[in-house]
Amino acid sequence: MRKAALNIFSEKFARGGQIPDKYTCDGKNVNPPLDIENLPPNAKSLVVMLEDKNIEGIGAMLWLQYNIPVKNWINEDEKKGETGLNGFNECSYLGPCSKPEAHRYLFKVYALDDFLYFDENTVKKCDVEAGIRYHIVGYGELEAVYGQNTKLELARMFQ
């Protein structure tokens with residue numbers, strides 16, 4: 001089955017741009033709003049993941065939300081669906097935190113043709129990845145950066 005290419009963007013920051021403080025542990029620590037274009041008609045639920053691309057292993061997972069009703073947006077401070085464990089063993093959104101160097105953060109959105117069902121309350125990334133394997137009908141991502149020297153590093157990148 002062919003997967004739709006979802007277009008993911010946010011009105012709060014540009015693709016490859018800096019995530020505003022509000023959506024980090026230096027601010028309100030709530031997820032940013034995301035817009036989703038090109039959802040396939042057979043999509044029944046959404047999964048959203050946020051990972052720190054500069055960190056290896058389980059600590060990279062900052063947000064895991066699944067069974068979100070299908071819609072063309074994820075609200076700021078989204079509470080619909082179910083929340084899986086982040087890399088700190090908490091069922092919550094954990095926004096980027098300031099580090100001396102800028103880190104790359106990847107928002108991944110999956111459209112599924114079904115909902116996910118688990119026997120346990122503490123669902124991990126590996127559980128969700130196993131559950132979505134045969135149900136993905138669309139996928140898209142949005143990368144952004146955050147860190148103490150982000151503005152300086154972005155300026156160097158575009159010189």
Side-chain angles (χ1 to χ4, degrees), residues 1-13 15-17 19 22-25 27-97 99 101-147:
M1 174 180 277
R2 188 177 175 129
K3 296 176 182 82
L6 305 179
N7 182 26
I8 311 301
F9 60 96
S10 179
E11 63 187 31
K12 301 298 182 178
F13 56 91
R15 184 174 303 280
I19 298 171
K22 178 178 184 177
Y23 307 110
T24 71
C25 72
K28 285 190 169 185
N29 206 26
V30 297
N31 69 272
L34 300 174
D35 290 302
I36 307 162
E37 292 179 345
N38 201 31
L39 279 168
N42 59 334
K44 292 185 179 175
S45 70
L46 300 174
V47 172
V48 180
M49 296 181 188
L50 172 61
E51 295 179 283
D52 183 333
K53 298 305 293 176
N54 293 77
I55 296 177
E56 299 275 333
I58 195 151
M61 179 58 55
L62 301 177
W63 184 34
L64 177 59
Q65 194 85 8
Y66 63 96
N67 288 345
I68 301 169
V70 173
K71 55 188 176 179
N72 291 93
W73 65 90
I74 302 296
N75 291 318
E76 180 178 288
D77 198 19
E78 181 67 62
K79 300 296 186 207
K80 293 188 178 168
E82 299 178 52
T83 307
L85 288 173
N86 61 32
F88 296 89
N89 285 327
E90 297 173 354
C91 288
S92 65
Y93 172 86
L94 176 62
C97 289
K99 298 177 178 60
E101 71 285 347
H103 278 219
R104 294 173 26 237
Y105 295 91
L106 188 63
F107 292 88
K108 300 190 286 189
V109 179
Y110 299 87
L112 307 180
D113 65 1
D114 203 354
F115 290 87
L116 299 175
Y117 303 95
F118 299 105
D119 292 333
E120 56 188 68
N121 293 335
T122 54
V123 175
K124 299 174 185 161
K125 177 186 175 187
C126 60
D127 300 322
V128 172
E129 287 176 333
I132 68 176
R133 184 175 302 138
Y134 301 109
H135 297 285
I136 301 170
V137 294
Y139 174 76
E141 52 189 48
L142 172 63
E143 186 172 320
V145 295
Y146 188 73

Shortest non-hydrogen contact from [X] to [Y]?
{"X": "Tyr146", "Y": "Cys97", "value": "CE2-C, 4.0 Å"}
{"X": "Leu85", "Y": "Lys124", "value": "CD1-CG, 3.9 Å"}
{"X": "Val145", "Y": "Gly16", "value": "CG2-O, 4.0 Å"}

Short side-chain to backbone donor-acceptor contact, Ser10 and Pro33, under 3.5 Å:
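Side chain of Ser10 to backbone of Pro33: a pair is present.
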Identify every side-chain donor-acceptor pair in residues 128-138 under 3.5 Å, counting partners at least two apart or on other chains, and give the distances.
{"residue": "His135", "atom": "ND1", "partner": "Asp113", "partner atom": "OD1", "Å": "2.8"}

[X]: which residues meet the side chain to side chain donor-acceptor pair (under 3.5 Å) condition with it, sequence neighbours left out?
{"X": "Glu51", "value": "Lys108, Lys125"}
{"X": "Glu76", "value": "Lys22, Tyr23"}
{"X": "Asn72", "value": "none"}

The criterion is salt bridge (Lys or Arg N to Asp or Glu O under 4.0 Å); which residues satisfy it with Glu143, sequence neighbours excluded?
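Counting only residues at least two positions away or on another chain, Glu143 forms a salt bridge (Lys or Arg N to Asp or Glu O under 4.0 Å) with Arg104.
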If the condition is salt bridge (Lys or Arg N to Asp or Glu O under 4.0 Å), which residues does Asp114 pass it with, not counting sequence neighbours?
none
If you measure from [atom1] on [X] to [atom2] on [Y], what distance do you get to the nearest 0.5 Å?
{"X": "Leu94", "Y": "Asn31", "atom1": "CG", "atom2": "CG", "result": "12.0 Å"}
{"X": "Leu39", "Y": "Asn42", "atom1": "CG", "atom2": "CG", "result": "10.0 Å"}
{"X": "Phe9", "Y": "Asp35", "atom1": "CZ", "atom2": "CG", "result": "4.0 Å"}

For Ile36, which of Val48, Leu46, Leu142 qualifies under side chain to side chain contact (heavy atoms under 4.5 Å, CB included)?
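So, applying the side chain to side chain contact (heavy atoms under 4.5 Å, CB included) to Ile36 and each of Val48, Leu46, Leu142, only Leu46 qualifies.
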According to side-chain hydrogen bond (donor to acceptor under 3.5 Å, both in side chains), does anything in residues 84-94 pair up with another residue at least two apart or in another chain? List the pairs.
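Output for this query is empty, none listed.
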ring-ring contact (aromatic ring centres under 6.0 Å, His included) pairs touching residues 33-52, sequence neighbours excluded, are none
Can you pull the ring-ring contact (aromatic ring centres under 6.0 Å, His included) pairs that have at least one residue in residues 67-86, sequence neighbours excluded?
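For residues 67-86: none.
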Return a table of donor-acceptor pairs under 3.5 angstrom between the side chains of residues 62-71 and protein atoms on other chains or two or more places apart.
{"residue": "Trp63", "atom": "NE1", "partner": "Gln65", "partner atom": "OE1", "Å": "3.3"}
{"residue": "Gln65", "atom": "OE1", "partner": "Thr83", "partner atom": "OG1", "Å": "2.8"}
{"residue": "Gln65", "atom": "NE2", "partner": "Lys80", "partner atom": "O", "Å": "2.8"}
{"residue": "Gln65", "atom": "NE2", "partner": "Thr83", "partner atom": "OG1", "Å": "3.4"}
{"residue": "Tyr66", "atom": "OH", "partner": "Glu82", "partner atom": "OE1", "Å": "3.4"}
{"residue": "Asn67", "atom": "OD1", "partner": "Leu116", "partner atom": "N", "Å": "2.7"}
{"residue": "Asn67", "atom": "ND2", "partner": "Glu82", "partner atom": "OE2", "Å": "3.1"}
{"residue": "Asn67", "atom": "ND2", "partner": "Leu116", "partner atom": "O", "Å": "2.9"}
{"residue": "Lys71", "atom": "NZ", "partner": "Glu78", "partner atom": "OE1", "Å": "3.2"}

Not counting sequence neighbours, which residues clear ring-ring contact (aromatic ring centres under 6.0 Å, His included) with Phe88? List them please.
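In terms of ring-ring contact (aromatic ring centres under 6.0 Å, His included), with neighbours along the sequence ignored, Phe88 is linked to no residue.
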Just jot down the ring-ring contact (aromatic ring centres under 6.0 Å, His included) partners of Tyr105, sequence neighbours excluded, or say none.
none
